[in-house]
There are 2 protein chains.
Amino acid sequence: MELDLYSDERFMREALKEAVKAWDMDEVPVGAIVVSQNRIIARAHNLTERLQDVTAHAEMQAITAAANHIGAKYLTDCTLYVTLEPCSMCAGALFWSQVGKVVYGASDPKRGYISQAGKLHPRTEVVSGIEAEACSDLLVEFFRKKR
Amino acid sequence: MELDLYSDERFMREALKEAVKAWDMDEVPVGAIVVSQNRIIARAHNLTERLQDVTAHAEMQAITAAANHIGAKYLTDCTLYVTLEPCSMCAGALFWSQVGKVVYGASDPKRGYISQAGKLHPRTEVVSGIEAEACSDLLVEFFRKKR
């Protein structure tokens, strides 16, 4: 059996590690990473409670960090991995970033950009359902514990 | 003639001052302020070029600054004034912030949240067209000079 170091599954597990960091801080457990040429150039997780800032979603911070890393605002050669389908705000930011590819784990039928008629950039490739069960389980368990 | 210190027009002129600051930095001239109980608690303008960050729209920064100011993430008692109709990203952020009222100047038929089927929070009051000509003129002149 070969181990594919550069598979979507492998990178999604890195995003999952970020989601677990959010969990450990009692934040809604969503994590994101940005990959360029098979290198992780940004890692982030949800920080809306810690920062008391609704804009501090994992994707927003990952976009800003990746742009800082490459010194340019467009992420055309990058892939963003996120454990949960982006919301309208994050989809809007991803649109502006012209990110090359978005890979997400769990779907978000209620607040995800698809049900909200949000749009990514027409040149952005989208892959969904990668490690979806692990991504979703983390969220379900988080909210179960909160009740 | 009475001077209304707390009119939407007066506060929009403060947002316009922010837009002019963006212009002076060769940024697309959009400005925003957040008002709570007739006090300006946040001022911001577009900084996408300076920061090389597509998320650095005036509204995003104003939301973060206002939340920092009040020490809470919800802006239910606040009004955001912005010189241009918010895009989908900013509308998404405003949705999450549950901002009480949004007042914008110029419409943006191409990238504004309305044409993009974006949504604000159902409890957010929206007022448009305040000082629209001044807000629009600044943008038109900016892009005319760029050509």
Side-chain angles (χ1 to χ4, degrees), chain A residues 27-28 30 32 34 42 44 46-76 78 80 85-99 108 110-122 124, chain B residues 27-28 30 32 34 42 44 46-76 78 80 85-99 108 110-122 124:
Chain A
E27 297 274 356
V28 174
V30 179
V34 176
N46 181 35
L47 275 173
T48 49
E49 295 305 319
R50 178 67 59 100
L51 299 180
Q52 286 289 292
D53 182 350
V54 296
T55 75
H57 284 194
E59 301 95 310
M60 301 302 284
Q61 298 175 77
I63 290 167
T64 297
N68 282 344
H69 179 85
I70 62 180
K73 64 181 179 167
Y74 295 123
L75 307 179
T76 42
C78 298
L80 178 128
E85 180 188 339
C87 73
S88 296
M89 170 180 72
C90 295
L94 289 164
F95 174 94
W96 290 122
S97 78
Q98 302 185 18
V99 69
D108 186 353
K110 196 171 168 215
R111 291 288 175 222
Y113 77 100
I114 294 172
S115 74
Q116 298 298 310
K119 284 191 205 91
L120 299 180
H121 195 277
T124 300
Chain B
E27 297 273 357
V28 173
V30 178
V34 175
N46 180 36
L47 275 174
T48 49
E49 295 305 319
R50 178 67 59 101
L51 299 179
Q52 286 289 295
D53 182 351
V54 297
T55 75
H57 283 192
E59 300 94 311
M60 302 300 286
Q61 299 175 75
I63 291 166
T64 297
N68 281 345
H69 179 86
I70 62 181
K73 64 180 178 167
Y74 296 123
L75 307 179
T76 42
C78 298
L80 178 128
E85 180 188 339
C87 73
S88 295
M89 170 180 72
C90 295
L94 290 163
F95 175 94
W96 290 122
S97 78
Q98 302 185 19
V99 68
D108 185 353
K110 195 169 169 216
R111 292 286 176 224
Y113 77 100
I114 294 172
S115 74
Q116 299 296 312
K119 285 193 206 88
L120 298 180
H121 195 277
T124 299

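Atom set for the values below is all heavy atoms of this structure, side chains included, hydrogens, waters and symmetry mates excluded. It should be emphasised that the depicted structure is a prediction, and the values quoted were computed from it without experimental measurement. Letters A, B, ... mirror the listed sequences (proteins, then strands); counts begin at 1.
- Within residues 56-66 of chain B, the residues having any heavy atom under 4.5 Å from a heavy atom of chain A are, by residue number, B:His57, B:Met60, B:Ile63, B:Thr64.
- Neither the backbone nor the side chain of B:Tyr113 has a heavy atom closer than 4.5 Å to any heavy atom of chain A.
- In this structure, chain A has a heavy atom under 4.5 Å from the backbone of B:Leu51, while its side chain stays farther away.
- Every residue two or more places apart in sequence or in another chain was checked for a salt bridge (Lys or Arg N to Asp or Glu O under 4.0 Å) with B:Lys119, and none qualifies.
- A:Gln116 is not listed as a side-chain neighbour of B:Phe95, based on a closest heavy-atom distance of 4.5 Å or more.
- Heavy-atom pairs under 4.5 Å with chain B peak, among A:Ala117, A:Gly92, A:Gly118, at A:Gly92.
- Here A:Glu49 pairs with A:Gln52, B:Lys73 under the side-chain hydrogen bond (donor to acceptor under 3.5 Å, both in side chains) rule; sequence neighbours left out.
- When each of B:Ala67, B:Ala93, B:Gly71 is checked for heavy-atom pairs under 4.5 Å with chain A, B:Ala93 comes out on top.
- Sorted pairs that involve residues 86-99 of chain B and meet side-chain hydrogen bond (donor to acceptor under 3.5 Å, both in side chains), not counting sequence neighbours, are lacking altogether.
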